Amino acid sequence: MAKGIPSLTLIRDSLAETISTQIRQLQESGVLPQGTVRHPEIQDTKSAEHGDFATNVAMVSAKGLGVNPREMGEKIAAALLNLPQFRQVEVAGPGFINMFVDQAWLAGHMVLVLQAGTEFGRTETAAPQRINVEFVSVNPNGPITIGSGRGAAYGSTLCNVLAAAGNTVHREYYINDGVNSEQMRLFAESVRCLLLGNAVPENGYKGDYVMEVAETVRRMFSQGFHPLIAYSEKVLSEGPHPVLARHLESHRRLQNLIETHGTEGAISHADLGDLKLLAETLMTEAQSAALSAFGVKFDTWFSEQTLHDSGQVQSEIDTLEKAQVADTQSYRTQLKLAKGGKIEEVLQEQQAKDEDDADGVEPTLWLRSTKFGDDMDRVLRRRDGRLTYISSDVAYHWDKFNRPPNADKLITILGPDHHGYIGRLHAVVAALLVAEGMVKAESTGEPLGDIDAKLYSTPEERDTCHAALKLAREKLEVQIYQLVRFMKDGKPAPMRKRDGNIYALIDLMKEIGEAAKPNGTEEEKLEVGKDVARFFYLMRSHDTTFDFDLDLAARQSDENPVFYVQYAHARICSVISKAKESGFQADSISEDLASRLTHPAELALIKKICDLPWEVQRCAQDYGVHRLATYAIELARTYHAFYDQCRVIQPEQPELTHARLALCEGVKIALRSVFGLLGISAPERMESRAS
RNA sequence: GCCCCCGUAGCUCAGUGGAUAGAGCAACCGCCUUCUAAGCGGUUGGCCACAGGUUCGAGUCCUGUCGGGGGCGCCA
């Protein structure tokens, strides 16, 4: 585990701490009155005449202390001026404290950057958390689409950022392979129809990828399952493996069919469940390969069905029933909500008694999720006895807290179409917290109102449920990313096409690579495609819809910002290698480094480099990782400007050359760090566009 | 009806409650004998959808209106 650097070595944190200390001393010596002062925010200035950094601490704190903000600012400024970090401190406007920092002090931070090396950008945090992040998690019934690409890019980068900010992160993909799934049943049915030469069902799957799955399945039948069986047996002999065990049983069944009926006969006699297992496994493998090419790796690919097989689903449901947050009474509660989420009315809808139902009909098992803020109760077990998807979610969310062990928090990243799922997921976790006895509510002592009485039987139950929901919202954070509209030739390009085909992420990468690097190897093309696609997804806030210009992405030009940032890295590598030819080393830290770097373009660059850890921390706090892409562009721009104004290699000025090379090395370190977080490559060379 | 997201330059989008609202693309003008011109500098371009409110201060927070996108299954 990487250690990271203590956050106090960061410029902004260090300034904030210094200002806090000075204010405290001013209060102790009676220059400023006692009272709470907010932690100073260190802001950028918009023009050089306002100095290097500014803080509004006087403006936001003056009122509480009962003093004039400008006067307070003057007193703080006077105190700061005595410190070596500052060459000038001024109060401006309504009470801004504008700080002009000492250039050598500023440049001295470069030493810290160079010492941190590849660790630069990582920081320690006072309260590290153990976090499970689940993302992508699409059904194994098709390739990863360009739509899911956003979730993949966002989720993987968020994980990188959370880890860089000092947390322990577990990356997880949930495979929706439950045997009860209607969609997966239909997918398997479609594959079977293709295998048997029958027409695909009305709402079935028709894309070319389904045909490919069917062809692969046919090949597996003709080759037989012996190798797979042998492999599973070997692995299972070394220890338990629930998923493989299920596969082994299925493969044995299919092998028996082949031996009795021959290849074609086996296909037509095969159980739909066995075909489904083959089809979804192939699809999952394809998804995994595409995501891997996209730079996304998971610690766990978690199979939903294992929760059923192990009995965890049933046992968690029993626990919920015991705790009376789930029951089989024949009504469903629905909430009518007014604007602002206030409950206007509680409706209890009796279930129709269907006399036509045959034997074996069980009463519906309801999760009383309306006790936990959901707008309607949810079905856990259908009347035909089959469990719903949400029933697996109950066991799944409980199980997820084991990855990493004793997880503090779960983050689930979902697409815009799953927005309506947030409420019931929180209800699921809240119900679990109640049922597992994890909630201790303080009684509010308030009696049950009319509306409450329809939801809860006692005030204590209500208070417990409310407390559980509050805790659930802390334990499970759902992040929704918004829709992407893909534009081609100025027109929207649909993710799912009429002919049943899907615009797959892997195809997007290939297309971009083909256009950007027509003479490259397949691997190089995929890498370019990955870089461009990831950067495009990550440039915009995940929380807003945006247009993905496929033509621009495919164009290999200066219009494409990813090449702009990568070019900065390639330029630096070129300078450093040229310098080496002249006998200069970039990674040596000279003692007088700080005093040599005085040019405005150099100082701007130092400030920008040193901002990276701070940017990472901010992103980890509010999950707005798109700012890292903005940061990369800004850093590249600052470097390009420096490059234009400050010649690095000057043999007649070896000290300056060394200092500037160290600066280049610092930019390189920062760029590589941010590229790593964004999941894009750092090319050492970029060929001229002409070639 | 309810929920979520959005409305900022011609286009695509940034913008910690702070000072004169930014970038890329598009348009125009400059800069390669010198470390990669996939670069740099400059010009043009704005009732931050609208109306109230909170605040010393609002593009940012709150309420409402209008407009756009998405979601509200015993599907997952």
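Letters A, B, ... mirror the listed sequences (proteins, then strands); counts begin at 1. Being a predicted model, the structure only gives us computed values, none of them experimental.
- Annotation: the span from A:Phe486 atom CZ to A:Asp549 atom CG amounts to 11.5 Å, rounded to 0.5 Å.
- Across all strands, A:Ser582 comes closer than 4.0 Å to no nucleic acid atom at all (heavy-atom distances).
- Using a 4.0 Å heavy-atom criterion, one finds that A:Ala579 contacts no nucleic acid atom at all.
- Glycosidic conformation of B:rC48 is anti; the angle lies outside 90° of 0.
- Looking at A:Arg12 and A:Asp44, a side-chain N of the basic residue comes within less than 4.0 Å of a carboxylate O on the acidic one, giving a salt bridge.
- A:Gly51 comes within contact range of no nucleotide atom at all, as no heavy-atom separation falls under 4.0 Å.
- Annotation: side chain to side chain contact (heavy atoms under 4.5 Å, CB included) contacts of A:Glu74 (sequence neighbours excluded): A:Arg70, A:Val91.
- For the pairing with A:Glu362, the salt bridge (Lys or Arg N to Asp or Glu O under 4.0 Å) check across A:Arg381, A:Arg383, A:Arg386 returns one residue only, A:Arg381.
- The pair A:Arg660-A:Glu665 does not meet the salt-bridge criterion, since no charged nitrogen lies less than 4.0 angstrom from a carboxylate oxygen.
- For the P atom pair drawn from B:rG15 and B:rU60, the interatomic distance equals 14 Å after rounding to whole Å.
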Under 3.5 Å, N/O pairs linking protein and nucleotides 16-18 of chain B:
unit_1 : atom_1 : unit_2  : atom_2 : d
B:rG18 : N7     : A:Asn56 : ND2    : 2.9

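- In summary, the side chains of A:Tyr154 and A:Asp543 do not present any donor paired with an acceptor at a separation below 3.5 Å, with no hydrogens or angles considered.
- Atom CG of A:Asp543 and atom C1' of B:rG15 are 15 Å apart (whole Å).
- When rounded to the nearest whole Å, the span between CG of A:Leu635 and C1' of B:rA23 equals 15 Å.
- Side-chain atoms of A:Asn139 and A:Gln183 include a donor-acceptor pair closer than 3.5 Å.
- Evaluation of the side-chain hydrogen bond (donor to acceptor under 3.5 Å, both in side chains) rule for A:His426 yields no partner, not counting sequence neighbours.
- Not counting sequence neighbours, A:Tyr481 has no partner by the side-chain hydrogen bond (donor to acceptor under 3.5 Å, both in side chains) test.
- At a threshold of 4.0 angstrom between heavy atoms, the contacts of A:Ala92 include nucleobase atoms, whether or not backbone atoms are also involved.
- Contact check for A:Met376 versus A:Leu335: no side-chain heavy atoms found under the 4.5 Å cut-off.
- Comparing the same atom, C1', in B:rC40 and in B:rG67 gives a spacing of 41 Å after rounding to whole Å.
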How does each nucleotide of nucleotides 68-76 of chain B score, in 5' to 3' order, for protein heavy atoms under 4.0 Å: base (B), sugar-phosphate only (S), or none (-)? -SBS--BBB
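- Distances shorter than 4.0 Å separate some side-chain N or O of A:Lys63 from OP1 or OP2 on B:rC56.
- The interatomic distance linking A:Arg637 (CZ) with B:rG39 (P) rounds to 12 Å, in whole Å.
- Here A:Ile649 lies in heavy-atom contact (under 4.0 Å) with a base.
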Is there any protein nitrogen or oxygen under 3.5 Å from a nitrogen or oxygen in nucleotides 31-34 of chain B, and what are the pairs?
unit_1 : atom_1 : unit_2   : atom_2 : d
B:rU34 : O2'    : A:Arg647 : NH1    : 3.1
B:rU34 : O2'    : A:Arg647 : NH2    : 3.0

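- The pair A:Glu615-A:Arg618 counts as a salt bridge, with a side-chain nitrogen and a carboxylate oxygen less than 4.0 angstrom apart.
- Expressed to the nearest 0.5 Å, how far CZ of A:Arg150 lies from CZ of A:Arg534 amounts to 13.5 Å.
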Do nucleotides 61-67 of chain B as a string where each nucleotide becomes B, S or -: B if the base has a protein heavy atom under 4.0 Å, S if just the sugar-phosphate does, - if no protein is that close. -------
Throw together a table of side-chain donor-acceptor distances under 3.5 angstrom for residues 50-67 of chain A, partners on residues two or more places apart or in other chains.
unit_1  : atom_1 : unit_2   : atom_2 : d
A:Asp52 : OD1    : A:Lys607 : NZ     : 3.3
A:Asp52 : OD2    : A:Val101 : N      : 2.8
A:Thr55 : OG1    : A:Glu41  : O      : 3.0
A:Thr55 : OG1    : A:Val57  : N      : 3.2
A:Ser61 : OG     : A:Arg38  : N      : 3.3
A:Ser61 : OG     : A:Val57  : O      : 2.9

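- Summarising the geometry, the separation between CG on A:Asp547 and P on B:rG7 is reported as 13 Å, rounded to the nearest angstrom.
- For A:Arg571 and B:rA38, the CZ to P distance is 8 Å, given to the nearest whole Å.
- Separating the P atom of B:rG10 from that of B:rA27 is a span of 16 Å, rounded to the nearest Å.
- Checking B:rG39, B:rA37, B:rU12 against every side-chain atom of A:His640, the shortest atom distance belongs to B:rG39.
- Applying the side-chain hydrogen bond (donor to acceptor under 3.5 Å, both in side chains) rule to pairs touching residues 631-644 of chain A yields A:Arg571-A:His640, A:Lys608-A:Glu634, sequence neighbours excluded.
- The gap from the C1' atom of B:rC50 to that of B:rC66 amounts to 7 Å, rounded to the nearest Å.
- Remark: the separation of the C1' atoms in B:rU43 and B:rG52 is 39 Å, to the nearest Å.
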Under a 3.5 Å cutoff on both atom distances, Watson-Crick or G-U, what's the dot-bracket for RNA chain B ([ ] crossing, | other strand)? (((((((..((((....[...)))).(((((.......))))).....(((((..]....))))))))))))....
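- For A:Gln287, the side-chain hydrogen bond (donor to acceptor under 3.5 Å, both in side chains) partners at least two apart in sequence or on another chain are A:Tyr173.
- Only the C1' atoms considered, B:rC3 is 31 Å distant from B:rC11, to the nearest whole Å.
- Evaluation of the side chain to side chain contact (heavy atoms under 4.5 Å, CB included) rule for A:Thr284 yields A:Pro140, A:Ile175, A:Trp301 as partners, not counting sequence neighbours.
- A salt bridge is defined here as a Lys NZ or Arg NE, NH1 or NH2 lying under 4.0 Å from an Asp or Glu carboxylate O, and A:Arg382 with A:Asp384 fails to meet this definition.
- Look at CD on A:Glu615: it is 11 Å from P on B:rG15, rounded to the nearest Å.
- Atom C1' of B:rG64 sits at a distance of 15 Å from the matching atom of B:rU54, rounded to the whole Å.
- At the heavy-atom level, A:Cys664 lies nowhere under 4.0 Å from the strands shown.
- Here, B:rA9 and B:rU44 have their C1' atoms 11 Å apart, quoted to the whole Å.
- We find that CZ of A:Phe546 is positioned 14 Å from C1' of B:rA14, with the value rounded to whole Å.
- Taking atom CD1 on A:Ile633 and atom C1' on B:rG22, their separation rounds to 13 Å, with Å as the unit.
- In this structure, the side chains of A:Thr370 and A:Asp375 stay at 4.5 Å or more apart for every pair of heavy atoms.
- Dashed line: the shortest gap from a side-chain N or O of A:Tyr643 to OP1 or OP2 of B:rG41 is not under 4.0 Å.
- A:Asn98 comes within 4.0 angstrom of a nucleotide base, judged by non-hydrogen atoms across all strands.
- Aromatic stacking of A:His626 on B:rA14: not satisfied for centres closer than 5.5 Å together with planes under 30 degrees.
- At the heavy-atom level, A:Ala54 lies under 4.0 Å from base atoms of the strands shown.
- A salt bridge is absent between A:Arg332 and A:Asp377; no separation between the charged side-chain nitrogens and carboxylate oxygens falls under 4.0 Å.
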